Amino acid sequence: MQNVNYPAIVFVYQGTVKEGEEFFNRFWKEARAIADRPKRFYEAFDLRRGNLVQLLGPAVIARGVQAAAKGNFVGKPVGDTTILSGYFLIQKNQIVWQYLSKHSGDHPDFKQLNQ
């Protein structure tokens with residue numbers, strides 16, 4: 001991954017430690033990640049399941065086409081794939097910024113974190 005001035009990142013995922021190691025060794029060896037099979041972080045941050053439109057609607061399909069055009073494809077599903085993503089900036093044990101995905105292909109503009 002190229003050097004950008006983002007805050008330190010910790011990924012939380014629903015797989016096993018082994019699955020996480022395999023994934024991150026392939027895509028970002030230096031990444032820090034937490035295996036959360038029981039979804040305790042997901043519950044603590046109030047991440048919820050999406051509805052049919054949020055999971056398979058037109059915006060999701062459009063984002064999938066964009067990803068495929070860049071050479072990115074859906075991999076092996078792990079965990080509860082109906083839970084929508086959340087992104088949180090935590091400083092001194094306080095959430096100072098958050099973004100809850102509107103659909104399964106949605107993510108924030110991370111450049112906003114540097115402003």
Side-chain angles (χ1 to χ4, degrees):
M1 175 163 235
Q2 66 185 27
N3 185 7
V4 291
N5 293 319
Y6 292 139
I9 297 171
V10 177
F11 294 93
V12 178
Y13 63 94
Q14 296 178 40
T16 65
V17 171
K18 182 180 178 193
E19 289 169 326
E21 288 172 350
E22 290 171 0
F23 178 85
F24 287 107
N25 282 337
R26 182 173 172 204
F27 293 104
W28 188 2
K29 290 182 183 187
E30 299 81 21
R32 293 178 291 170
I34 298 170
D36 184 24
R37 287 194 68 125
K39 299 183 282 198
R40 290 186 182 111
F41 281 96
Y42 291 76
E43 292 170 12
F45 287 94
D46 201 28
L47 297 176
R48 299 177 186 223
R49 288 188 171 97
N51 61 36
L52 187 61
V53 172
Q54 290 172 309
L55 298 173
L56 298 170
V60 177
I61 293 168
R63 194 61 86 144
V65 169
Q66 289 174 340
K70 293 178 183 178
N72 300 314
F73 300 95
V74 175
K76 174 186 150 198
V78 174
D80 184 348
T81 60
T82 65
I83 296 177
L84 296 176
S85 300
Y87 304 83
F88 304 88
L89 178 60
I90 301 170
Q91 294 177 339
K92 297 182 181 176
N93 297 326
Q94 296 289 321
I95 297 173
V96 297
W97 177 88
Q98 72 176 18
Y99 186 90
L100 301 176
S101 295
K102 295 169 187 65
H103 57 76
S104 62
D106 185 30
H107 57 78
D109 178 1
F110 292 107
K111 293 175 187 168
Q112 292 177 357
L113 292 175
N114 287 331
Q115 297 175 357

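Positions are given from 1, in the same order as the sequence printed here. All values below were derived from every heavy atom in this structure, side-chain atoms included, with hydrogens, water molecules and symmetry-related copies excluded. Being a predicted model, the structure only gives us computed values, none of them experimental.
A distance of 9.5 Å separates CD of E30 from CG of N25, quoted to the nearest 0.5 Å. Distance check: T82 OG1 to L52 CG gives 11.5 Å after rounding to the nearest 0.5 Å. D109 contributes atom CG, which lies 9.5 Å from atom OH of Y99 (distance to the nearest 0.5 angstrom).
Aromatic ring pairs are classed by plane angle as parallel below 30°, tilted from 30° to 60° and perpendicular above 60°; the pair F88 and F45 is tilted.
The hydrophobic cluster containing I34 also contains I95, counting ILVMFWY residues as joined when their side-chain heavy atoms lie under 4.5 angstrom apart, directly or transitively. V10 and V17 fall into different hydrophobic clusters, where Ile, Leu, Val, Met, Phe, Trp and Tyr residues are linked whenever their side-chain heavy atoms come under 4.5 Å apart, directly or through other members. In the hydrophobic clustering of ILVMFWY residues, with side-chain heavy atoms under 4.5 Å counting as a link, V65 and V74 come out apart.
In this structure, L47 and I83 approach most closely via the heavy-atom pair CB-CG2, 3.9 Å. Here the closest non-hydrogen pair linking W28 and I9 is CH2-CD1, 4.1 Å. Of all heavy-atom pairs spanning Q54 and R49, the tightest one is OE1-O, 4.4 Å. The heavy-atom pair separating A8 from R32 by the smallest distance is CB-NH2, 2.7 Å. Annotation for L84 and S101: closest pair CD1-O, 3.7 Å, computed over non-hydrogen atoms. For S104 against V60, the heavy-atom pair with the smallest separation is OG-CG1, 3.3 Å.
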Review point. Would H103 and V53 count as a side chain to side chain contact (heavy atoms under 4.5 Å, CB included) if you check the C-alpha gap in whole Å, the side-chain angles of each, and the deciding distance to 0.1 Å?
Key: CA-CA 8 Å; H103 57 76; V53 172; over 6 Å; no
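By the neighbour-count criterion of 12 heavy atoms within 6.0 Å, atom CZ of F41 is sparsely surrounded, having that number or fewer from other residues, nucleotides or ligands.
F23 and Y13 have their aromatic ring centers separated by at least 6.0 angstrom.
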